[in-house]
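To start, the structure itself, in C-alpha cells.
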Amino acid sequence: MPRDTSASPRRRSRAREDDRSGRRGKKDYPRTDRTHDNYERDLDRRRDKDDDDRRARHDDYRRREDHRDRDRHSRRPNRERDREGQDNHDRPSRSNRERDREGPDDHDRSSRRRSRELVVSSRRSASPKRPSSIQPSARPRSSSRSKSPSSKDKAKPNFANSGLLAAETNAVKLTDGTSTILKYNEPPEARKPTLGWRLYVFKGSEQVELLHIHRQSAYLIGRDRAVTDILIEHPSCSKQHAVIQHRQVTEKDEFGASKPKNKPFIIDLESTNSTHVNDEAIPTSRFYELKAGDVIKFGLSNREYVLLHDDAT
C-alpha cells in the first residue's frame, strides 16, 4: 500500500509556508499563454524593426539613385535630355501614398525595374558611329542663328533721297568762295501776286520803312545779308528766319464754283525765337495764311510789320 505523503507534518508545514509567502507548487500553478504572448510580441516588434530598416535602406538607395540619375541627366546632350523628359512626362507617375502602401518587397522590385529601364535607355541612346565608308556626304550646314532684320536692311541698296543733290541745288556761292545752303524751296503753286502788297514797318509809333512785297513770289527774311530779301538785324532773329510766300489756291464762290486765287502766306523756318502774327506764335514749317491788317513780329524784335495792299481801306 502506497504511503500518503500529503498527510505528513513536513509536507503540511511546507504547504502552510507556501500559502503565507504567496508561492504555489508546480502542481497548483495555473496554465497560461503569457510566455507565448511575450514571444509573439517580441517577434512582431523585431519584424517591424526589420521592415523599418529595410524601408530606410530602400529610401537611401533610391535617393542615391536619383542623385546619380540627375548627374547623368545633366551630362547628356540637350536633344536626348528633351526626349527623355518628354517620355517621363508622358509616363504616369505614382504618388507617394501608393508607394507607402506597397511592401518592402514591392519597393525592391520597383527599384530594380527602374534601374533596368535606365540602363536600357542609356544603351539605346548611345548609338554606334557609322563607318567612314557609309557616312553620308558632308553637307554645308546652315547657320542656326537667323540674320537680324537690321543686317538685311543694311545689305539692301538704299535709293532714298540723301539730300546731297538738294543741298547742291540750294547752295548759293558767295564772292569770297564760300557757299550758303538755303533752307527753303518754293512750292509748285507759287505765283506772283496780282495785288500790290506792302509791309509798313513801325518802331514804336513811328514808321521807319515801307517794303513792297508784290514784285516776286517769295521773300526770305533773316539776318544773313547774302541770301535774305528782307534784312533783320536784331540778334534774336535767325539767319534764315521766315518766308513770305504768295500761293495760288482754289476757293469756292457764293455760287459753289471753284476758282483760283492768289494769297499771301508766311512760314517759319524753325527759328530760335519763333514768328508771331497778331501777338501769337505760329507753328514752324507750316504755311500760315496772312490777311490785310495783320501785324507780324520776328523773334524778340520790337519792330512791327503791318501787311496791307492797294485795295485795303
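At least one donor-acceptor pair under 3.5 Å links the side chain of D229 to the backbone N or O of L220. In this structure a side-chain-to-backbone donor-acceptor pair under 3.5 Å is missing from N278 to D294. Checked by atom type and distance alone, the side chain of H309 never pairs as donor or acceptor with a backbone atom of K291 at under 3.5 Å. Not a single donor-acceptor pair under 3.5 Å links the side chain of D66 to the backbone N or O of D69.
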Do R225 and E233 pass the side-chain contact (heavy atoms from CB on, under 4.5 Å) test, and can you show the C-alpha distance, the side-chain angles, and the key distance before you say yes or no? CA-CA 9 Å; R225 294 177 178 269; E233 296 181 351; 2.8 Å; yes

Under the side-chain contact (heavy atoms from CB on, under 4.5 Å) criterion, do R54 and H58 qualify, and how do the steps go? CA-CA 6 Å; R54 191 182 297 106; H58 176 69; 5.7 Å; no

Given the rule in the side-chain hydrogen bond (donor to acceptor under 3.5 Å, both in side chains) test, do Q240 and T228 qualify, once you have shown the distances and angles that lead to the verdict? CA-CA 7 Å; Q240 299 180 34; T228 56; over 6 Å; no

Taking it one step at a time, do L210 and L199 satisfy side-chain contact (heavy atoms from CB on, under 4.5 Å)? CA-CA 6 Å; L210 175 62; L199 282 175; over 6 Å; no

Where do H276 and I296 land on the side-chain contact (heavy atoms from CB on, under 4.5 Å) test, with the steps shown first? CA-CA 6 Å; H276 298 80; I296 308 170; over 6 Å; no

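Heavy atoms of other residues, nucleotides or ligands lying less than 6.0 angstrom from CD of E270 number 12 at most. In this structure, K183 places its NZ atom where more than 12 heavy-atom neighbours from other residues, nucleotides or ligands lie under 6.0 Å away. Surrounding CZ of R286 are at most 12 heavy atoms belonging to other residues, nucleotides or ligands under 6.0 Å away. Dense packing is recorded around CG of D60, with more than 12 heavy atoms of other residues, nucleotides or ligands lying under 6.0 Å away.
The side-chain heavy atoms of D310 and L195, taken from C-beta on, include no pair separated by under 4.5 Å. Taking 4.5 Å as the limit, every side-chain heavy atom of Y305 sits out of range of all side-chain heavy atoms of K297. Here the side chains of T180 and D224 are in contact, with some heavy-atom distance below 4.5 Å. Contact annotation: the side chain of L307 approaches that of I213 to within less than 4.5 Å [non-hydrogen atoms, C-beta and beyond]. Within the 4.5 Å cutoff, side-chain heavy atoms of V249 are placed close to those of F265.
Between D42 and R45 a salt bridge is recorded (basic side-chain N to carboxylate O distance below 4.0 Å). A salt bridge is absent between D52 and K49; no separation between the charged side-chain nitrogens and carboxylate oxygens falls under 4.0 Å.
Taking the ring centroids of H214 and W197, they lie at or beyond the 6.0 Å cut-off.
Cation-pi geometry between R303 and F202 is not met: the NZ or CZ atom fails to fall both under 6.0 Å from the ring centre and inside 45° of the normal.
The hydrophobic clustering, which links ILVMFWY residues whose side-chain heavy atoms are closer than 4.5 Å, places L308 and I266 apart. Hydrophobic clustering of Ile, Leu, Val, Met, Phe, Trp and Tyr side chains at less than 4.5 Å, counting indirect connections, keeps V227 apart from I221. The hydrophobic cluster containing F287 does not contain L290, counting ILVMFWY residues as joined when their side-chain heavy atoms lie under 4.5 angstrom apart, directly or transitively. Under a hydrophobic clustering in which Ile, Leu, Val, Met, Phe, Trp and Tyr are joined whenever their side-chain heavy atoms come within less than 4.5 Å, directly or via other members, I230 and V201 fall into the same cluster.
Closest heavy-atom contact between T275 and A242: OG1-CB, 3.9 Å. In this structure, R191 and Q248 approach most closely via the heavy-atom pair NE-OE1, 2.9 Å. Residues Q245 and Y184 approach most closely at OE1-OH, 2.7 Å, considering heavy atoms. Nearest heavy-atom pair, S238 versus T272, reported as atom, atom and distance to 0.1 Å: OG-N, 3.3 Å. Contact between V243 and A218 at its shortest, heavy atoms only, is CG1-CB, 4.3 Å.
Exactly one of E65, R57, R64, R63 qualifies for a side-chain hydrogen bond (donor to acceptor under 3.5 Å, both in side chains) with Y61. That residue is E65. Among E189, R247, K192, E186, the single residue meeting the side-chain hydrogen bond (donor to acceptor under 3.5 Å, both in side chains) criterion with S217 is E186. Exactly one residue among N273, L231, I232, L300 makes a side-chain contact (heavy atoms from CB on, under 4.5 Å) with C237. That residue is I232.
Note that the NZ atom of K259 and the NZ atom of K252 stand 14.0 Å from one another [nearest 0.5 Å].
For Y200 and R198, the side-chain atoms include at least one donor-acceptor pair closer than 3.5 Å.
In this pair, F298 and H241 present their aromatic rings perpendicular. The plane angle is above 60°, beyond the 30 to 60° band.
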